[in-house]
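Following: one structure in structure tokens, then a few remarks.
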Amino acid sequence: MSVARFIADQRTIYRVPHTMTCLLLGVSLAWFYKWRDRSLGPGASSGLFTAMDRRRYTIDRAVKVMFTKKRGLHGSPRLHADLLDDGWEVSEKTVADSMRRQGLVAGGSSGGTV
């Protein structure tokens, strides 16, 4: 059981106010309310709580689709250009970060002998 769930249960079961329980446990009341609002919000089921989380998820999907479409041959500079051509507003650094998070590595021809 999480601390936040414990605090919420104290009010539900024993009618102890959140402020009192937070004070006794040394937990910030703002932190508790943030947890509560997140657990009740639209992102609770997906885990994508903030607008930044949702945008990162969307960009990751777009980068993965483009990477697959280009057969894994293009790195972040070229994928960035391809995404811009498709109408995305995203920086090259964001594309590189997305590729890193997903473990996508471009595998073009090296031009040399092995």
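Just so you know, residue 1 is the first one in the sequence shown, and it goes up from there.
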Legend entry - Salt bridge present between D82 and R78 (N-O < 4.0 angstrom): yes
Inset, instruction - Rounded to the nearest 0.5 Å, what's the gap from CG on D85 to CE on M66? Could you check? - result: 8.0 Å
Inset, instruction - Hey, could you give me the NZ/NE2 distance between K69 and H74, rounded to the nearest 0.5 Å? - result: 11.0 Å
Inset, instruction - Specify the closest pair of heavy atoms between I59 and W88, including all atoms of both residues, with the distance to one decimal. - result: CG1-CZ3, 4.2 Å
Inset, instruction - Please round to the nearest 0.5 Å and tell me the distance separating atom CG of L25 and atom CZ of F32. - result: 11.0 Å
Inset, instruction - State, to 0.1 Å, how close G75 and A106 come at their nearest heavy-atom pair, and which atoms those are. - result: N-CB, 3.6 Å
Inset, instruction - Using the rule that two of Ile, Leu, Val, Met, Phe, Trp, Tyr join whenever any of their side-chain heavy atoms come within less than 4.5 Å, decide whether F6 and V27 are in one cluster. - result: yes
Legend entry - Contact summary for W35 and A4, nearest pair of heavy atoms: CD2-CB, 3.1 Å
Inset, instruction - State, yes or no, whether a side-chain contact exists between H80 and P77 at a heavy-atom distance under 4.5 Å. - result: no
Legend entry - Nearest-0.5 Å distance, CE of residue M20 to CG of residue L23: 6.5 Å
Legend entry - D60 with R56: basic N within carboxylate O range, under 4.0 Å: no
Inset, instruction - With rounding to the nearest 0.5 Å, note down the distance linking CD in E89 to CG in L84. - result: 9.0 Å
Inset, instruction - Check the hydrophobic clustering (I, L, V, M, F, W, Y; side-chain heavy atoms under 4.5 Å; chains of links allowed) and say if I7 and Y33 are grouped together. - result: yes
Legend entry - Heavy atoms of other groups near R11 CZ, more than 12 under 6.0 Å: no
Inset, instruction - Answer yes if M99 and V105 sit in the same cluster of Ile, Leu, Val, Met, Phe, Trp and Tyr residues linked by side chain heavy atoms under 4.5 Å apart, and no otherwise. - result: no
Legend entry - From CD (Q10) to CZ (R5), nearest 0.5 Å: 11.0 Å
Inset, instruction - Heavy atoms only: give me the nearest S28-C22 pair and the separation to one decimal. - result: O-SG, 4.4 Å
Inset, instruction - Could you tell me whether a side-chain N or O of T68 sits under 3.5 Å from a main-chain N or O of K64, the two making a donor and an acceptor? - result: yes
Legend entry - Heavy-atom donor-acceptor pair, H18 side chain to L29 backbone, under 3.5 Å: no
